Amino acid sequence: MYQTIHEPIWVVGIYKNAQFIPKKFKWKDQELYISEITLSNNVKDGAILKRWYSVIAENNLYRIEFNRTSEQWQLLEIWVE
Amino acid sequence: MEKTILHVDINSYFATMLQQENPALRGVPVGVVKDAGRTCLIATSKEAKLQGVSTGFRKKDALQICPNIICVPASFERYLDTTKRLQKVFASISPSIYIYSLDEAFIDITDCRKHLYPDVHLLGKNIQEHIKNELGSWVTCNVGIANNRLMAKMASEVAPKGDIIEVTSKNKEALLASTPFKDVCGIGYGLSKKLALYNVYYPYQIRFIPEDELLALVGPFWATELQKIAYGEEPHGLSQLDREQPHMKSVGRSITGYRLYSDPTEIKHILRNLSLEIIEKVRTMHLAGRHISIGLYGQADSWSTHITLQSPTNHVFELLTQVDKLYDQWDHSFKVIKFSVRLSLLHPQQQDQLLPAWQKLESVQKALDTINSKYGRFTAHPAAVPAQKDLIHPEVTGFLGDRLYQLSTE
């Protein structure tokens with residue numbers, strides 16, 4: 001099941017073909033390296049644009065969000081077996 | 001010139017996208033529920049279908065048949081974004097596309113087949129590859145190719161997962177004689193049940209029902225439609241897709257609750273909450289409507305009523321007032337599980353009214369629109385609606401009945 005987290009995270013990534021690709025993120029003092037982005041989506045909340053990434057880091061699936069208006073990152077959910 | 005239509009259907013869309021997102025779900029039976037705590041499966045993965053669990057199953061029944069099924073809440077915003085990406089893929093193939101639902105589309109390549117796509121089977125394969133590149137390697141789709149939408153859709157419905165079927169004069173009759181009604185576009189459960197009384201289970205068999213008997217059984221409209229389907233011709237419903245719809249005629253919203261409701265305050269709150277979403281949609285599309293209806297559904301009972309206003313509205317306060325008035329007509333004779341609100345007779349809002357009362361409502365509404373577009377949907381809303389944390393938020397339906405709103409408002 002997905003466990004709701006909704007906590008701020010700090011993300012490092014690269015730009016490739018005019019697209020940001022997250023490579024690692026820091027959450028609760030741990031650095032997690034992203035090995036795969038399995039899905040990414042643009043979503044809208046009113047005029048606020050958000051980008052959702054589902055990423056695999058350390059063999060776990062994380063749903064992270066980039067708020068394109070406030071330019072802040074958030075860890076939304078983690079998959080727990 | 002004979003038409004060439006492709007029907008592309010993503011296999012088990014909701015479940016497949018969840019599996020694409022989460023490798024832990026790949027290859028295992030997955031049931032999709034609308035939300036955490038919901039018990040009805042709105043979609044299932046191909047692995048679950050193989051074990052006999054399909055859409056509409058209750059979670060506890062699914063677990064009995066398939067104890068290792070994993071039930072995951074749907075993510076409608078992701079599906080909608082994915083559909084928009086699919087729309088771009090299809091639009092790169094032909095300018096003539098129709099997104100039929102969240103996970104399926106018709107692509108008309110009649111005008112470009114000769115020069116661009118002489119080998120339609122190869123085109124089908126390219127579409128499948130393109131979709132994998134765009135959405136992920138786990139995502140597969142069926143492609144049906146025919147000279148009309150009915151046969152193209154029928155072909156993709158019966159094709160094995162990830163396959164391509166082209167309907168030709170050689171296999172058309174066989175397809176009509178072997179495709180059960182559940183896979184035929186336009187024939188619903190009730191109609192197929194009626195036809196089953198005559199031991200008619202496949203479109204081809206309709207050809208042998210005497211005309212007067214068919215007329216007596218299903219009436220004049222369906223008798224004509226069924227005759228068309230029996231010969232693989234496009235029925236009215238599908239041929240209407242060519243007709244351009246300038247704007248939505250109505251916007252409605254319904255929701256099934258988690259339990260039965262009897263408290264009038266709770267019921268009113270839900271109806272008002274659904275009204276918020278309707279107003280947001282009609283205002284985004286610059287429409288206003290005159291006909292308001294509400295419906296309440298219990299386990300065995302239902303009740304609905306409506307009102308037609310003298311002038312169109314797209315103001316939340318006016319809609320809430322009217323919805324409350326309509327609700328007050330109800331006799332509270334049953335507990336409610338499903339709620340619906342609809343605003344119809346929609347027309348483009350062409351000019352502002354001069355009445356001071358209207359202008360006051362409009363200025364308040366504009367302020368709400370500005371706040372909500374800047375800080376997020378329903379950030380500011382009338383106090384008569386529940387608190388933010390308890391709000392029901394919009395969702396996309398698989399049928400994509402509001403495609404004009406969802407696919408054209410960017």
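Residue numbers start from 1 in every chain, and the chains themselves are labelled A, B, ... in the order their sequence lines are given, proteins ahead of strands. Please read these numbers as outputs of a predicted model, since none were measured by experiment.
Summarising the local packing, CZ of A/Arg68 is surrounded by more than 12 heavy atoms from other residues, nucleotides or ligands at distances under 6.0 Å. Environment of NZ in B/Lys161: crowded, with over 12 heavy atoms of neighbouring residues, nucleotides or ligands closer than 6.0 Å. When the shell of 6.0 Å around CG of B/Asn68 is examined, it contains more than 12 heavy atoms from other residues, nucleotides or ligands.
Only the backbone of B/Asn372 comes within less than 4.5 Å of a heavy atom of chain A; no side-chain atom from C-beta onward does. Residue B/Ser75 touches chain A through its side chain alone, counting heavy-atom pairs closer than 4.5 Å. Residue B/Leu80: no heavy atom, backbone or side chain, is found under 4.5 Å from chain A. At a 4.5 Å heavy-atom cutoff, A/Ile37 makes no contact with chain B through either its backbone or its side chain. Contacts of A/Ile48 with chain B are made by both backbone and side-chain atoms, with heavy-atom separations under 4.5 Å.
For the pair B/Asp81 (side chain) and A/Val43 (backbone), a donor-acceptor distance under 3.5 Å is absent.
The shortest side-chain heavy-atom distance between B/Arg85 and A/Asn41 falls under the 4.5 Å cut-off. Counting heavy atoms from C-beta outward, A/Trp79 and B/Val72 have side chains that approach closer than 4.5 Å.
Remark: A/Leu39 CG to B/Trp138 CH2 distance equals 14.5 Å, nearest 0.5 Å. Taking OH of A/Tyr2 as the reference point, atom CG of B/Leu18 lies at 6.5 Å (rounded to 0.5 Å).
In terms of non-hydrogen atom pairs under 4.5 Å with chain A, the most contact-rich of B/Cys71, B/Gly376, B/Gly136 is B/Gly376. Interface remark: of the candidates B/Asp369, B/Ile70, B/Asn22, B/Asn22 forms the most heavy-atom pairs closer than 4.5 Å to chain A.
Comment: B/Glu21 engages A/Arg63 in a salt bridge, judged by a side-chain N to carboxylate O separation of less than 4.0 angstrom.
Using modelled atom types, one finds a donor on one side chain and an acceptor on the other under 3.5 Å when comparing B/Arg78 with A/Ser54.
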